[in-house]
Amino acid sequence: MSIRNRFIFSLIVSTPILINMVASPFGFKLPGDMWTQFLLTTAVMVISGRAFIQSAWASFRHHHANMDTLVAIGTGTAYLYSIYAMFSNQDVFFEDAALVITLILLGQVFEENMKRNASGAVAKLLDLQAKEAEVLRGGEIIKVPMAEVIVGDILRVKPGQKIAVDGVITEGSSTIDESMVTGESMPTEKKVGDTVIGSTMNSTGTFMFKASKVGNDTLLAQIVEMVKKAQTSHAPIQKTVDKISDIFVPAVLIIAILAFFVWYVLLGASVVTAMLFTVSVIIIACPCALGIATPTALMVGTGRSAKMGILIKNGEVLEAVNTIKTVVFDKTGTITVGKPKVTDIIGDEQMVLDIAANLEASSEHPLAAAVLEKAKEQDITPNAAQNFKAIEGKGVQAQINGKKAFIGNDKLLDNYKLTDQLTAKMVQLQSEAKTVVIVGYDDKIVGLIAIQDAPKQSSATAIAALKKRGLRPVMLTGDNERVARAIADQVGIDEVIADVLPGDKADHVKQLQQQAPVAFVGDGINDAPALTTADVGIAMGSGTDIAIESGGIILVKNNLLDVVNALELSQKTFNRIKLNLFWAFIYNSLGIPVAAGIFVGLGLILSPELAGLGMALSSLSVVASSLMLNKTKLTTVTA
């Protein structure tokens, strides 16, 4: 039976008991009096309270104690004593057992509803998926159910239609509203070659695209799955809470027994009075608020971040973010746009570009893409070179027309020498923040190609925001010192580590970790070792190119401001967890002495019913506190 149904049953059955308790001073009694109370309370204990007893017994068998242990012992004690009192003609308090269970279930119903509201926003994204798609089959466009779309299908999307699956545009152009996935409010312009995300909304144009990911492999499906895992994960601090609860529950039971002993044996109170204090201690101390302090905040925080296009993998990441002092950035595709363009060709332009295009024809490197794009503009059709060979950290070499050709960075100068004129030109271009590649043919350098990748508009603002938060930004790049320094100056980074081979980035991260905990921000593909080595890995990505497995935090949008948003929201979520735990401990610390009757002389008495209501309210306050994360303002505004 669900919590909601258990509560409704308990509320209906215990209402006559509540009326009897309130009206009895005025002479009202239920028909059958104690026997009716006994039957009604028994129904509540068996139907609504059975889950507490089963949970407590299961914990006891594994030598543990949990919050249900206190509920079961408290209500069970009140129920069993009332049966004894009924047969010995003493006062009973069946109402305590029935009403405490009802109030605790009321708190759990509210808690369950709040949790559902917190987590449902992301899961509802799946409900927004298209139900069918227009697919090119046999030369005709036909409508098929989503389940029949396969990778490689060509699909058509008209204005106002949802994009069925992830893919790449092959014909046409449009603007697409991707806000449901990326959190980006402005529509994104798309053309041939651009990626599209399944379940996003097409706005203006009709286009054709090739399906690249379907079903559970789509970006939206992966996002929802990741958020679900994050919301059910545990922060390391929760382990501490669990250990405290293991000690706390037995301690409460000892305090409850002492309360009975003091009131009944030492102070001479009646058994009923002593029992009331005992049950009140057990009920008020139930650490429900402690149990939900971490998961509710984690659920709300990760849900909100997902709607912003920031995917936080688990609670461990949230906790680790609070220790970060240094943020290390890759350059290409992270600080810069990641779409470099050829700006200068030094030497015989036609020959230099032809050699370079032939060498880069099979490469997927961003710089190679820039060379091939330039060759396309010049109507140069590259032919793949022969005997292709990569030179680690330097470039590539191959055979063109039977002669050795090469292209690469200035590390090639260990083997070849530039003329004074080319050296001066290289220095000039590098000082303009341009990456210079050397092109050689027949064992001599024939020219230079300058390629520039401009910083993103958000980079300088993001770096300034990190500095304002007291964090130390560092650039770590394989590019040469002069180019790296020029880019760093444009965005406001003071520390640069340049000329780093791809395989050595993780080692540099380890060196920085000796000074302070490090977050590494990279593209999630080439930087995987550094991302996993850092205390917190933040993988930049866009569309379907996100490397889900690389970082602890995944940024769906290629916006550096989201690095600041991710760090700030993670910190706020973890701080909310600590605040929830603080108030939960305070509540128990203050409530137990009052329930034990220490302040009776001041007129402060806590009945089991009020203790149950207080416990329910404490759980609700923790959930409400977590939900406030949805309203918390972030200092960084996404550009």
side-chain hydrogen bond (donor to acceptor under 3.5 Å, both in side chains) assessment of Asn565 paired with Asp562: CA-CA 5 Å; Asn565 286 330; Asp562 278 344; 3.3 Å; yes
Closest heavy-atom contact between [X] and [Y]?
X: Val157; Y: Lys162; result: CG1-O, 4.2 Å
X: Gln378; Y: Glu349; result: NE2-OE2, 3.5 Å
X: Ile169; Y: Gly172; result: CG2-O, 3.5 Å
X: Ile553; Y: Ser570; result: CD1-OG, 4.1 Å
X: Ile463; Y: Gly492; result: CG2-O, 3.7 Å
X: Asp166; Y: Gly198; result: OD1-N, 2.7 Å

Donor-acceptor check, side chain of [X] to backbone of [Y], threshold 3.5 angstrom: yes or no?
X: Thr206; Y: Lys158; answer: no
X: Asp153; Y: Ile150; answer: yes
X: Thr632; Y: Met628; answer: yes
X: Lys190; Y: Thr195; answer: yes
X: Ser459; Y: Pro455; answer: no
X: Thr175; Y: Glu189; answer: no
X: Glu481; Y: Ile497; answer: no
X: Arg482; Y: Glu432; answer: no
X: Ser431; Y: Gln428; answer: yes
X: Thr477; Y: Ala484; answer: no

Asp453/Lys434 salt bridge by N-O under 4.0 Å criterion: no
Steps toward salt bridge (Lys or Arg N to Asp or Glu O under 4.0 Å) verdict (Lys425, Asp344): CA-CA 10 Å; Lys425 196 62 181 176; Asp344 304 87; 5.8 Å; no
Euclidean distance, [Y] [atom2] relative to [X] [atom1], rounded to 0.5 Å:
X: Gln457; Y: Leu560; atom1: CD; atom2: CG; value: 12.5 Å
X: Lys374; Y: Thr343; atom1: NZ; atom2: OG1; value: 8.5 Å
X: Lys456; Y: Ile335; atom1: NZ; atom2: CD1; value: 9.0 Å
X: Thr435; Y: Ile451; atom1: OG1; atom2: CD1; value: 7.0 Å
X: Gln161; Y: Arg156; atom1: CD; atom2: CZ; value: 7.5 Å
X: Ile577; Y: Leu581; atom1: CD1; atom2: CG; value: 7.5 Å

Side chain to side chain contact (heavy atoms under 4.5 Å, CB included) partner of Thr326, chosen from Val518, Leu471, Asp535, Val509: Val518
Working for side chain to side chain contact (heavy atoms under 4.5 Å, CB included), residues Asn630 and Val300: CA-CA 7 Å; Asn630 279 324; Val300 176; 3.7 Å; yes
Note, [X] side chain near [Y] side chain (heavy atom, < 4.5 Å):
X: Phe209; Y: Val165; answer: yes
X: Glu568; Y: Arg469; answer: yes
X: Phe520; Y: Asp330; answer: yes

From CA spacing to verdict: side chain to side chain contact (heavy atoms under 4.5 Å, CB included), Phe207, Thr170: CA-CA 8 Å; Phe207 63 89; Thr170 57; over 6 Å; no
Greater than 12 external heavy atoms within 6.0 Å of Lys467's NZ: yes
Verdict with reasoning, Val327 to Val521, per side chain to side chain contact (heavy atoms under 4.5 Å, CB included): CA-CA 7 Å; Val327 183; Val521 187; 3.8 Å; yes
Gln515 and Arg472: CA distance, side-chain angles, deciding distance, side-chain hydrogen bond (donor to acceptor under 3.5 Å, both in side chains) verdict: CA-CA 11 Å; Gln515 303 171 36; Arg472 168 193 173 197; 3.0 Å; yes
Full working for side chain to side chain contact (heavy atoms under 4.5 Å, CB included) between Thr336 and Ile487: CA-CA 8 Å; Thr336 62; Ile487 294 290; 4.2 Å; yes
Residues Ser625, Asn580; criterion side-chain hydrogen bond (donor to acceptor under 3.5 Å, both in side chains); working and verdict: CA-CA 7 Å; Ser625 170; Asn580 288 349; 2.8 Å; yes
